[in-house]
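Beneath this line is the structure, given in structure tokens, with notes to follow.
When reading the values below, keep in mind they use all heavy atoms of this one structure, side chains included, and skip hydrogens, waters and symmetry mates. Ligands are counted one by one from 1 in listed order, and the atoms in each one are counted from 1 as well.
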Amino acid sequence: MITEEKKEDKSLNFIEEIIEADLQSGKYQEIVTRFPPEPNGYLHIGHATSICLNFGLTNKFPGYTNLRFDDTNPVTEDTEYVDSIKADIRWLGFEWKNELYASDYFDTLYEFALRFINAGLAYVDDSTSEEIATLKGTPTEPGKDSPYRNRSVEENLALFEQMKNGEFPDGSRTLRAKIDMAHMNMLMRDPILYRIKHAHHHRTGNKWCIYPMYDFAHGQSDSIENVTHSICTMEFAPHRELYDWLIDKLEIYPSHQYEFARRNLNYTVTSKRKLRQLVEEGHVSGWDDPRMPTISGMRRRGFTAASIRDFCDRIGVARRENMIDVGLLEFCVREDLDKKALRRMAVLDPLKLVITNFPEGVTEMCHSENNPEDIEAGMREIPFSREVYIEKEDFMEVPAKKYFRLAPGKMVRLKGAYIIQCDDFVKDENGEITEVLCSFIENSKSGQDTTGINVKGTLHWVSANHAVPVEVRLYDRLFSVENVSTEEGDFKDYINPESLNIITGYAEPALADTKPGDSFQFLRKGYFATDPDSTTEKPVFNRTVTLRDNWAKSGDK
Ligand code: ATP
Ligand code: MG
């Protein structure tokens, strides 16, 4: 359950309207939804929208949500995926009522199949898949009956039993519903209900060598579980007629299917099949690589569950498919981390600065807020000394217009410490600036400043003697094109070769003591999360997102 306070009531989306009407008319006292992942990969941001929708509905209306693994395809499924899916849903902040598996219904589904055969509504077809496809017709032309369509009930029962007993090889026969080969809806042209597949299943082992097709498993599972509103993505809209037909003929609990548009994010792919390829071919370090749009990747990158829920809430539910700008997701995480993340200083591209009028060998403690947005987060100590690091980009030999950072003769404040003035700088033989020489202004310390001097720039810094070297992983979009799926050729050709940049930075000592999952705002640099690769000797941080946002008006914070 989401524990945070609900957002102010917004107008209902179209699924909520349907549910509200169903409750008001007394059709249901409570509703039952389910999230039905196939355990053949890790969950991604698209799944998160479906999770937030299904669980969100039963948070809002009386009822509950089940987690049902749609595990009818033995070849691609694995318990590793089952475990990761459960962990990810819980991390997102939701708890299911029942943990269910379509494979637990294999016996019931087999009984259902026998009922269809006995009613003369299903037959065993010996056609190959090519023959079936040829006889299927086209959207404008009716199909033709299979030569096996009129087998007797007895013959069908015997053959189906033999299929079950493993007497036939893979693909040699199928069980098909007997509906109408001239039906306007191609999916109603005698759809396949069962296929032969001699494969080990992650739960039922070698018990079965026939497996129900999606259409013969999904709706029946919904019905067995008394799901009231079975919500799926739009590509299943043409399946609804078959969904209803099967339930109707079986005279079982009438679940209803509703469709909403798939959610896709730009500059990435949201398909488990493609994500698996990236993992298996080593384009990323794993399903939880921080560049992946998987829940586990985003978590490792530093996205919070609240920010993902907020994102799903903001994009809402639609009937038409569209591409969502990853900028919105970044906006959501910035908003959340701005409230929660502790402020720290780290210099990612260091330039040494010597404060020539500060005594050597002396450490002076400065103090700064842990989070100006949250007074209760308190203050922290930061050591200051004669030599500090600043960012290279914070010094310009010849300052550009409106450059309020450091330049010869100019003053800036070092955050939480003193106002300094630049007196000189040192260049090496290549003309690179290697050191900036400054003097600090007496009585200008933050919080005790009596100088009355106003400076326009405030820089983050780290005392050189106290600096902790840290590994910083800077991420960019995983793909260099916005809509990967519409590009020609192999999607992997569009992987952004610069999506990961690893650097060593210098951090203030408070950052030495960090554990995976911690989130920080590195002042002026962005939000960063401690990576599981982090050790006491070498902390490792992932950049979750930069500070700049192009969604809301604000710029640097
Ligand atoms: P993929 O193509 O990534 O394998 P899928 O739809 O096959 O996705 P499932 O495990 O079958 O994956 O999906 C579980 C639920 O999540 C389904 O109800 C599905 O409709 C929903 N879902 C999957 N991808 C998206 C998406 N991009 N947007 C919204 N819902 C999605
Ligand atoms: Mg699927």
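In summary, Glu330 and Arg477 engage in a salt bridge, as defined by a charged side-chain N under 4.0 Å from a carboxylate O. We find that Arg314 and Asp310 are joined by a salt bridge, their nearest charged nitrogen and carboxylate oxygen being less than 4.0 Å apart. Between Lys86 and Glu99 there is a salt bridge, since at least one side-chain N of the basic residue sits less than 4.0 Å from a carboxylate O of the acidic one.
When heavy-atom distances to ligand 1 are checked against a 4.0 Å cut-off, Thr49 comes that close only through its side chain, counted from C-beta outward. Under 4.0 angstrom from ligand 1, there are no non-hydrogen atoms of Phe236.
Heavy-atom distances between His44 and ligand 1 reach below 4.0 Å in at least one pair.
Classified by interplanar angle (parallel below 30°, tilted 30° to 60°, perpendicular above 60°), the ring pair Phe491/Phe479 is tilted.
Nearest to atom 27 (N) of ligand 1 by heavy-atom distance, out of Arg263, His218, Glu321, is Arg263. Heavy-atom proximity to atom 5 (P) of ligand 1, evaluated over Arg276, His47, Glu235, is greatest for His47.
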Donor-acceptor pairs under 3.5 angstrom involving side-chain atoms of residues 49-57: please list them, not counting sequence neighbours.
from	atom 1	to	atom 2	distance (Å)
Thr49	OG1	Gly46	O	2.6
Ser50	OG	Asn54	ND2	3.4
Asn54	ND2	Arg34	O	3.4
Asn54	ND2	Ser50	O	3.0

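The atoms of ligand 1 that sit less than 4.0 Å from any heavy atom of Ser271 are 3 (O). Each of the following atoms of ligand 1 lies closer than 4.0 Å to a heavy atom of Pro36: 14 (C), 18 (O).
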